[in-house]
Amino acid sequence: GLAIDTAGAMFALTTCEKATSWVVFAIFVISSLIFMFRNSAADSSYEGGAKSQRYRLVTASITIIAATFYFFMAQGYGVATSVNHEFWWLRYLDWLITTPLLLLDLALIAGIDVWDTFALLVADVLMITVGFVAGNPDYGHTWECFAVSMAFFLLTLYIIGEGMLEHADDPNTSEEKERLMKTLLWLTVLIWCTYPLYFVLEYSNVLNNNSTNHRCTLVLLYGLSDVVAKSVFGFILLMNDDLLHVAMPTGVVEQIP
């Protein structure tokens with residue numbers, strides 16, 4: 001059966017798994033410090049600076065949360081084991097918190113209205129939750145749950161894609177804002193598509209979870225995608241204060257005090 005570490009127990013990671021996790025942790029810590037420094041340095045005395053801080057706070061929160069989870073995973077916490085599998089369940093808890101924040105950043109940029117944003121976040125949470133059940137190697141319904149999770153995944157991409165492209169193609173949208181929106185949208189879509197790919201490779205035994213080399217490969221792949229999805233995303237979003245002000249929409253943001 002599935003054994004989840006309790007009472008402070010740690011799973012014995014390989015050297016490669018530990019090193020990879022610590023490197024990803026360090027990247028998230030550095031990213032968080034940069035994002036927070038830029039946030040504190042932003043001039044909040046004018047409307048543009050105050051509004052751009054909303055993006056910085058959300059984006060810094062994403063990498064801080066990710067760093068916290070990788071700190072524990074690097075020590076072997078949050079890993080469940082069975083006879084034939086190593087299940088990093090803490091990874092799903094990380095995604096359950098950080099992916100809604102990433103989508104919130106995109107919704108703020110696109111000016112997606114409150115109810116569409118609510119539907120977007122619900123679809124995302126259901127995607128991660130059902131994906132967590134699919135990832136449990138002893139549950140016995142891996143592929144059925146994976147299919148349901150993918151349905152919510154496609155719904156999530158549809159809602160955010162339609163909302164962002166609609167606003168990007170609006171004649172009133174500046175070229176700078178359109179470029180930012182499309183860059184972040186396609187970066188998110190492409191990177192998020194790697195996660196179900198890794199899942200399929202893992203659970204179809206192309207990357208056999210019992211192999212030490214394959215276990216390290218999976219940690220490396222998931223870590224790389226996490227860094228691009230969170231840190232690289234954040235740097236692209238926050239590179240220009242003036243552009244962030246231009247990107248502030250009239251939808252969700254105007255309803256946030």
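Just so we're clear, the structure is a prediction, and the values are computed from it rather than from any experiment.
- Residues forming a ring pair (Phe, Tyr, Trp, His ring centres under 6.0 Å) with Trp95 (at least two apart in sequence, or on another chain): Tyr92, Tyr195, Tyr222.
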Review point. Hey, mind stepping through Phe72 and Leu93 against side chain to side chain contact (heavy atoms under 4.5 Å, CB included) and telling me if it holds?
Key: CA-CA 12 Å; Phe72 289 108; Leu93 185 55; over 6 Å; no
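- Leu187 and Leu190 fall into different hydrophobic clusters, where Ile, Leu, Val, Met, Phe, Trp and Tyr are joined by side-chain heavy atoms under 4.5 Å apart, directly or via other members.
- No side-chain heavy atom of Val130 sits under 4.5 Å from any side-chain heavy atom of Met150.
- Put simply, the side chain of Ser149 gets close to the backbone of Met127: a donor and an acceptor are under 3.5 Å apart.
- Linking ILVMFWY residues whenever their side-chain heavy atoms come closer than 4.5 Å, directly or via other members, places Ile191 and Ile236 in the same cluster.
- Within the 3.5 Å criterion, the main-chain N or O of Ile64 finds a donor-acceptor partner in the side chain of Ser32.
- Here Tyr139 pairs with nothing under the side chain to side chain donor-acceptor pair (under 3.5 Å) rule; sequence neighbours left out.
- Salt-bridge check for Glu175 with Arg179: failed, with every basic side-chain N at 4.0 Å or more from each acidic carboxylate O.
- Considering only residues two or more places apart in sequence or on other chains, Phe152 meets the ring pair (Phe, Tyr, Trp, His ring centres under 6.0 Å) condition with none of them.
- Aromatic ring orientation, Phe118 versus Trp115: perpendicular (interplanar angle above 60°, classes split at 30° and 60°).
- Here the closest non-hydrogen pair linking Cys145 and Val133 is SG-CG1, 3.8 Å.
- Here the CH2-CE distance, from Trp186 to Met164, works out to 10.5 Å after rounding to the nearest 0.5 Å.
- Taking the side chain as every heavy atom from C-beta outward, Asn205 and His214 never approach each other to under 4.5 Å.
- The backbone N or O of Thr14 sits less than 3.5 Å from a side-chain atom of Glu17, completing a donor-acceptor pair.
- To the nearest 0.5 angstrom, Leu180 atom CG is 8.0 Å from Met239 atom CE.
- Closest non-hydrogen pair, Pro100 versus Val125, comes out as CG-CG2, 4.3 Å.
- To the nearest 0.5 angstrom, Tyr55 atom OH is 10.0 Å from Leu238 atom CG.
- Looking only at distances, a side-chain donor or acceptor of Thr63 sits under 3.5 Å from a matching main-chain atom of Ala60.
- Trp192 and Leu220 fall into different hydrophobic clusters, where Ile, Leu, Val, Met, Phe, Trp and Tyr are joined by side-chain heavy atoms under 4.5 Å apart, directly or via other members.
- Judged purely by distance below 3.5 Å, without hydrogens or angles, the side chains of Asp124 and Thr99 pair a donor atom with an acceptor atom.
- The two atoms that bring Thr20 and Cys216 nearest to each other are OG1-SG, 4.3 Å, heavy atoms only.
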Exercise for review: Go through Thr156 and Leu103 one step at a time and tell me if the side chain to side chain contact (heavy atoms under 4.5 Å, CB included) criterion holds.
Suggested key: CA-CA 9 Å; Thr156 300; Leu103 292 173; 3.8 Å; yes
Point to revise | Verdict with reasoning, Met73 to Val79, per side chain to side chain contact (heavy atoms under 4.5 Å, CB included) | key: CA-CA 8 Å; Met73 288 190 289; Val79 181; 5.9 Å; no
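- The aromatic rings of Phe132 and Phe87 are tilted relative to each other, their planes meeting at an angle between 30° and 60°.
- For the atom pair Leu13 CG and Arg215 CZ, the distance stands at 7.5 Å (nearest 0.5 Å).
- Here the shortest heavy-atom pairing between Phe146 and Val200 reads CZ-CG2, 3.7 Å.
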Point to revise | side chain to side chain contact (heavy atoms under 4.5 Å, CB included) between Val219 and Ser21, intermediate numbers included | key: CA-CA 7 Å; Val219 173; Ser21 297; 3.8 Å; yes
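- Interatomic distance, Glu202 CD to Glu86 CD, rounded to the nearest 0.5 Å: 8.5 Å.
- At least one side-chain heavy atom of Leu184 sits under 4.5 Å from a side-chain heavy atom of Phe233.
- Between Asp170 and Lys177 there is no salt bridge, since no side-chain nitrogen of the basic residue lies less than 4.0 Å from a carboxylate oxygen of the acidic one.
- Side-chain N/O atoms of Glu162 and Tyr158 include a donor and acceptor closer than 3.5 Å.
- Counting heavy-atom neighbours within 6.0 Å of Trp143 CH2, excluding the residue itself, gives a total above 12.
- Nearest heavy-atom pair, Gly131 versus Phe199, reported as atom, atom and distance to 0.1 Å: O-CE1, 4.5 Å.
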Exercise for review: Evaluate the criterion ring-ring contact (aromatic ring centres under 6.0 Å, His included) for residue pair Phe71 and Tyr77; output intermediate values, then yes/no.
Suggested key: CA-CA 9 Å; Phe71 173 79; Tyr77 291 106; 8.6 Å; no
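- At least one donor-acceptor pair closer than 3.5 Å links the side chain of Tyr203 to the backbone N or O of Gly135.
- Partners of Leu201 by side-chain contact (heavy atoms from CB on, under 4.5 Å), not counting sequence neighbours, listed by chain and number: Leu197, Val206, Leu207.
- A search for ring pair (Phe, Tyr, Trp, His ring centres under 6.0 Å) contacts involving Tyr70 returns Phe28, not counting sequence neighbours.
- To the nearest 0.5 Å, the span separating NE2 on His167 from CG on Asn172 amounts to 10.5 Å.
- The minimum heavy-atom distance linking Val227 with Val24 is given by the pair CG2-CG1, 4.0 Å.
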Could you list the donor-acceptor pairs under 3.5 angstrom formed by side chains in residues 105-112, with sequence neighbours left out?
{"residue": "Asp105", "atom": "OD2", "partner": "Thr59", "partner atom": "OG1", "Å": "2.8"}

